[in-house]
**Q** 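Dropping the structure in here first, questions after.
Each ligand, and each atom within it, is numbered from 1 in the order the structure gives. Sequence positions, counted from 1, serve as the residue numbers for this chain. Since the structure is predicted, the reported quantities are computational estimates derived from the model, not experimental observations. Excluded from the calculations below are hydrogen atoms, water molecules and symmetry mates; all remaining heavy atoms, backbone and side chain alike, are included.
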Amino acid sequence: MEASQRSGQTAARYSQVAEAYIDMFGSPEQAEAEDRELIAAWAAKLHGPVLDAGCGPGHWTQFIADGNRPSTGVDLVPEFLDFARRTFQQPDFLRADLAHLPFDGEQFSGVLSWYSVIHVPPSDLPPILDELARVLQPAGKLLLGFFAGDQPEAFGHQVAPAWYWPPAQLGELLEQSGFGVLEVGTRSRPAARTHGHLSAQKLS
Ligand SMILES: C[S@@+](CC[C@H](N)C(=O)[O-])C[C@H]1O[C@@H](n2cnc3c(N)ncnc32)[C@H](O)[C@@H]1O
């Protein structure tokens, strides 16, 4: 099976549960305060347009826009994009695969990939990271949210199979795609999956 078919399968699963996902996660207030603070602090340092790669319902796209920052959300799920366009006026929302972004070149000062590559099998991840690097300006910033674990191994996520990543190993993949890792963080709660984030900068 091709990578595009795998991402199509993931998108089809999100289409089936889009309404419930929007109810549970479709606003930043439903996220943990630490996530809001992290994303706000990351975005505050950016000067220029921002891409929310795998934006889902678009709530983080709107959050990053913060009234005046140009922001664009891309996702493969029509139901999410319909909701985002109805709910949020200012950001642009486009249907696109992260592996083939519809942008000519280095136009974003930042790319947020918030839990949007969690369903991507390890073999399909490098081309997506290359693509995120391609659309970033030199020295542009990436913030990646993911589930942290000891091994890059699959688990039965509620929507579609997903992968745990050891932060250091995911950082190595980022470096292979031309990023320098700036910061790594994890957050554990009892009886919950460990959250991870990596912030990185495009090196050239
Ligand atoms: C766990 S959700 C996260 C959504 C949003 N970033 C959030 O924080 O709520 C994963 C999202 O990534 C999107 N996604 C996964 N693979 C994708 C791909 N190859 N191209 C575009 N979007 C993708 C899914 O459609 C879904 O909306």
**Q** Taking heavy atoms and a distance under 4.0 Å, where does Val77 meet ligand 1: side chain, backbone, both or neither?
**A**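 The side chain, only.
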
**Q** Check Cys55 against ligand 1 and report side chain, backbone, both or neither, counting heavy atoms closer than 4.0 Å.
**A**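 Looking at Cys55 and ligand 1, just backbone atoms fall under 4.0 Å.
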
**Q** At a 4.0 Å threshold, what atoms of ligand 1 neighbour a non-hydrogen atom of Asp97?
**A**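 So the answer, numbered in order with elements, is 18 (C), 19 (N), 20 (N).
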
**Q** Against ligand 1, does Phe25 come closer than 4.0 Å with any heavy atom?
**A**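 No heavy atom of Phe25 comes that close to ligand 1.
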
**Q** Which is closest to atom 21 (C) of ligand 1 by heavy-atom distance: Ser7, Ala96, Ala160, Ser116?
**A**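 When every heavy atom of Ser7, Ala96, Ala160, Ser116 is considered, Ala96 comes closest to atom 21 (C) of ligand 1.
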
**Q** Which residue in the set Thr72, Asp104, Leu101 passes side-chain contact (heavy atoms from CB on, under 4.5 Å) when paired with Val135?
**A**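 Testing Val135 for a side-chain contact (heavy atoms from CB on, under 4.5 Å) against Thr72, Asp104, Leu101 leaves exactly one candidate, Leu101.
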
**Q** Out of Tyr21, Phe147, Phe146, who is nearest to atom 4 (C) of ligand 1 when you count heavy atoms only?
**A**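 Ranked by closest heavy atom to atom 4 (C) of ligand 1, first place is Tyr21.
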
**Q** Using a strict cut-off of less than 4.0 Å between a Lys/Arg side-chain nitrogen and an Asp/Glu carboxylate oxygen, indicate whether Glu34 and Arg189 qualify as a salt bridge.
**A**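 A salt bridge is present here (some side-chain N lies under 4.0 Å from a carboxylate O).
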
**Q** Given the ring of Phe93, does Arg85 sit roughly above its face, with NZ or CZ under 6.0 Å from the centre of the six-membered ring and within 45° of the axis?
**A**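 No, cation not above the ring by the 6.0 Å, 45° rule.
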
**Q** Is a salt bridge present between Arg6 and Asp124, judged by a nitrogen-to-oxygen distance below 4.0 Å?
**A**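 Yes, Arg6 and Asp124 are salt-bridged.
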
**Q** For ligand 1, which atoms have a heavy atom of Phe80 less than 4.0 angstrom away?
**A**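 Answer for ligand 1: 27 (O).
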
**Q** Atom 10 (C) of ligand 1: which protein heavy atom is closest, and how many Å away?
**A**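 Answer for atom 10 (C) of ligand 1: Tyr115 O, 3.4 Å.
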
**Q** If you measure only the distance, is there a donor-acceptor pair under 3.5 Å linking the side chains of Glu29 and His59?
**A**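 Side-chain D/A pair, Glu29 to His59: absent.
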
**Q** Do me a favour and list the nearest non-hydrogen protein atom to atom 1 (C) of ligand 1 with residue, atom name and distance?
**A**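 Here the closest protein heavy atom is Tyr14 OH, 3.0 Å.
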
**Q** Who gets closest to atom 5 (C) of ligand 1 by heavy atom: Gly54, Ala3, Ala11?
**A**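 Among Gly54, Ala3, Ala11, the closest heavy atom to atom 5 (C) of ligand 1 belongs to Gly54.
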
**Q** Considering non-hydrogen atoms of the protein only, which is the closest contact for atom 20 (N) of ligand 1, and what is the distance?
**A**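 That would be Leu98 N, 2.9 Å.
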
**Q** Under 4.0 Å, heavy atoms only, figure out whether ligand 1 is touched by the backbone of Ala53, its side chain, both or neither.
**A**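 No part of Ala53 comes within reach of ligand 1.
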
**Q** Considering non-hydrogen atoms of the protein only, which is the closest contact for atom 25 (O) of ligand 1, and what is the distance?
**A**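 Here the nearest protein heavy atom works out to Asp75 OD1, 2.6 Å.
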
**Q** What protein heavy atom sits nearest atom 22 (N) of ligand 1, and how far off is it?
**A**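 Checking every protein heavy atom, the shortest distance to atom 22 (N) of ligand 1 gives Leu76 N, 3.7 Å.
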
